[in-house]
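Each ligand, and each atom within it, is numbered from 1 in the order the structure gives. Values below: every heavy atom of this structure, side chains too, minus hydrogens, waters and symmetry copies. Residue numbers start at 1 and run along the sequence shown.
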Amino acid sequence: MGIRLIKISAVYFLIGVGIGYYMSTVHDYSLTPVHAHINLLGWGTLTLAGIIYHLFPSVGKTKLALGHFWLHNIGLPLMMIGLAFAVHGNDSYLIATIIGANVTVLGVLLFVINILKNLKQPVEAE
Ligand code: HEM
């Protein structure tokens, strides 16, 4: 789970940085919120979650981790696609942003419950 998440987060990194590069090249900064959220919620956050899941199997091997994995990776792209249309004045896909944001928040909630409930000192480190 952890390793898979880190690999996925690296793809978010490439997409996020690619959007930043594109904006700098064409001098159009309208995609800034998409760029920032993909980099932070995709790359930054999911890399950290992946490292935690890998270092602490008591957290990474739970149903909560699986739920977080799927909700975060379904919610974030949905939210970003809707947001990309919205910042260009097209609100037809606003529903995707709203659903995606709610799904992502739910995923983050599962992550936090998982950490609070299952994060323990690994046996060998005691
Ligand atoms: C080569 C890599 C990157 C390029 C070319 C790039 C480019 C940009 C550009 C052009 C903007 C818009 C600036 C503006 O609206 O005035 C921006 C904003 C932003 N970037 Fe990046 N970026 C890169 C990497 C990153 C990374 C790795 C992160 C976070 C982990 C990040 C987070 C943000 C944030 C939070 C903003 C919004 C700042 C604000 O509106 O005040 N960027 N970036």
Output yes when a protein non-hydrogen atom is found under 4.0 Å of atom 41 (O) of ligand 1, and no otherwise. no
Interfacing atoms of ligand 1 (cut-off 4.0 Å, heavy-atom, Val17): 1 (C), 2 (C)
Give a yes or no on whether atom 16 (O) of ligand 1 lies under 4.0 Å from any heavy atom of the protein. no
Are any of the protein's heavy atoms under 4.0 angstrom from atom 26 (C) of ligand 1, yes or no? yes
Just wondering, are more than 12 heavy atoms of other shown residues or ligands nearer than 6.0 Å to OH in Tyr22? no
Which residue and atom name correspond to the protein heavy atom nearest atom 11 (C) of ligand 1, and how close is it? Met23 CE, 3.7 Å
Consider only side-chain N and O atoms of Ser58 and Asn118, and report whether a donor and an acceptor are under 3.5 Å apart. no
Given His72, which partner from the list Thr45, Leu5, Ile8 fulfils the side-chain contact (heavy atoms from CB on, under 4.5 Å) test? Thr45
Any donor-acceptor pair under 3.5 Å linking the side chain of Asn102 with the backbone of Ile98? yes
Could you see which bit of Tyr21 sits under 4.0 Å from ligand 1, with heavy atoms only: side chain, backbone, both or neither? backbone
Compare Ile19, Asn39, Leu31 and give the one whose heavy atom is closest to atom 31 (C) of ligand 1. Asn39
What residue and atom, counting heavy atoms only, is the protein's closest point to atom 3 (C) of ligand 1, and at what distance? His35 CE1, 4.2 Å
For Leu40, atoms of ligand 1 separated by under 4.0 Å from a heavy atom: 29 (C), 30 (C), 35 (C)
Within a distance under 4.0 Å of any heavy atom of Ala36, pick out the atoms of ligand 1 and give their elements. 34 (C), 35 (C), 36 (C)
At less than 4.0 angstrom from any non-hydrogen atom of Tyr29, what atoms of ligand 1 do you find? 10 (C), 12 (C), 15 (O)
Hey, quick one: are Val11 and Leu41 part of the same hydrophobic cluster, counting side-chain heavy atoms closer than 4.5 Å, chains of contacts allowed? yes
Just checking, is any N or O donor in the side chain of His35 or Tyr21 under 3.5 Å from an acceptor N or O on the other one? no
Ligand 1 atoms nearer than 4.0 angstrom to some heavy atom of Thr32 are 12 (C), 15 (O), 18 (C), 37 (C), 40 (O)
Enclosure of His37 NE2 (heavy-atom neighbours >12, cutoff 6.0 Å): no
Quick check on Gly44 - does any of its heavy atoms sit under 4.0 Å from an atom of ligand 1? no
Would you say His88's side chain and Ala84's backbone share a donor-acceptor pair under 3.5 angstrom? yes
Whether Phe13 and Trp43 hold their rings parallel, tilted or perpendicular, with breakpoints at 30° and 60°: parallel
